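Everything on this sheet refers to the single structure shown next.
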Amino acid sequence: MKKDRKYRKIDQLSKALDAKNIDKVLNYLDKDCIFQAGNQEIIQGKEQIRLLLEGFFKNVNATKHNIKDIFESDTFLVHRGTVTYTRLDHSILSVPFCDVFKMKEEKIIEYTIYIDWSELFN
């Protein structure tokens with residue numbers, strides 16, 4: 001897969017997350033994808049990831065990812081930046097994040113989000 005295709009794919013993934021388009025997000029994942037967000041437990045498989053995203057999106061009004069950097073190796077793609085959350089009470093929280101994607105061909109097989117969102121639901 002060409003470098004620019006990977007970059008576009010990750011940019012599209014972020015846009016799908018910001019649009020709360022779970023089906024589109026899942027299209028980028030392998031059916032057995034391993035997913036871990038922050039210090040939450042590791043989950044596996046698209047249906048488990050769907051349930052997690054549905055629950056998360058019910059608890060925030062909006063997200064907006066601002067990607068600052070993207071790095072890659074043969075099997076890994078990393079992007080970092082800031083995500084801004086609009087809470088249900090319309091207050092705003094921006095925090096830095098770093099996502100690490102292990103790729104296999106066209107799909108993400110491991111998706112790890114490094115983020116401190118301890119303030120998000122306070």
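Predicted, not measured: the structure shown is a model, and the values here were computed from it. Just so it is clear, the values below take in all heavy atoms, side chains as well, and ignore hydrogens, waters and symmetry mates.
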Q: Nearest 0.5 Å please: distance from the CG atom of Asn59 over to the CZ atom of Phe121.
A: 5.0 Å
Q | Heavy-atom side-chain contact between Leu29 and Lys107 under 4.5 Å | A | no
Q. With a 4.5 Å limit on heavy-atom distance, are the side chains of Gln44 and Asp32 in contact?
A. yes
Q: Find the distance between NZ (Lys102) and CD1 (Ile109) and round it off to the nearest 0.5 Å.
A: 5.0 Å
Q) Would Ile70 end up clustered with Leu17 when hydrophobic side chains under 4.5 Å apart are linked, directly or stepwise? A) yes
Q: Any chance you could measure Asp99, atom CG, to Thr112, atom OG1, to the nearest 0.5 Å?
A: 8.5 Å
Q: Please answer: with hydrophobic residues joined when any side-chain heavy atoms are less than 4.5 Å apart, are Leu52 and Ile115 in the same cluster?
A: yes
(Q) With rounding to the nearest 0.5 angstrom, report the CD to CD distance, Gln48 to Glu41. (A) 9.0 Å
(Q) For Phe56, is the CZ atom crowded, meaning more than 12 foreign heavy atoms sit under 6.0 Å from it? (A) yes
Q. Can you tell if the side chain of Phe101 reaches within under 4.5 Å of the side chain of Thr75, non-hydrogen atoms only?
A. no
Q.
Restricting to non-hydrogen atoms, name the atom on Trp117 and the atom on Ala37 that form the minimum distance, rounded to 0.1 Å.
A. CH2-CB, 3.6 Å
Q. Taking a hydrophobic cluster as the set of Ile, Leu, Val, Met, Phe, Trp and Tyr residues connected by side-chain heavy atoms closer than 4.5 Å, whether directly or through intermediates, do Leu51 and Val25 fall within one such cluster?
A. no
Q.
Nearest 0.5 angstrom please: Gln40 CD to Ile113 CD1, how far?
A. 10.0 Å
Q. Do Thr84 and Thr63 have side chains that get closer than 4.5 Å, going by heavy atoms?
A. no
**Q.** Under 3.5 Å: donor-acceptor pair, side chain of Lys24, backbone of Ala16
**A.** no
Q | Thr82 vs Asn66, side chain to side chain donor-acceptor pair (under 3.5 Å): CA-CA, chis, key distance, verdict | A | CA-CA 5 Å; Thr82 303; Asn66 179 19; 5.3 Å; no
Q | Validation row: Phe57, Ile22 side chains within 4.5 angstrom (heavy atoms) | A | yes
Q: For the residue pair Val83 and Ser94, establish whether any side-chain heavy-atom pair is separated by less than 4.5 Å.
A: no
Q) If you look at every heavy atom in Arg50 and Asp23, which pair is closest and at what distance? A) NH2-OD1, 2.8 Å
Q | Test log, rule side chain to side chain contact (heavy atoms under 4.5 Å, CB included), inputs Val60 and Leu120 | A | CA-CA 9 Å; Val60 295; Leu120 184 57; 4.2 Å; yes
Q) Phe71 and His79: aromatic ring centres closer than 6.0 Å? A) no
Q. Where do Leu77 and Met103 come nearest, in terms of heavy atoms and distance?
A. CB-CG, 4.5 Å
Q | Shared hydrophobic cluster for Ile108 and Ile34 (ILVMFWY, side-chain gaps under 4.5 Å) | A | no
Q.
Could you see if Tyr114 belongs to whatever hydrophobic cluster contains Phe76? Use Ile, Leu, Val, Met, Phe, Trp, Tyr and a side-chain cutoff under 4.5 Å.
A. yes
Q.
Just so I know, are the side chains of Tyr28 and Tyr111 near enough to count as touching, which here means a heavy-atom distance under 4.5 Å?
A. no
Q | Student check: side-chain heavy atoms of Arg87 and Asn61 closer than 4.5 Å | A | no
Q: Look up atom CD in Glu106 and atom CG in Asp30, then write down how far apart they are to the nearest 0.5 Å.
A: 12.0 Å
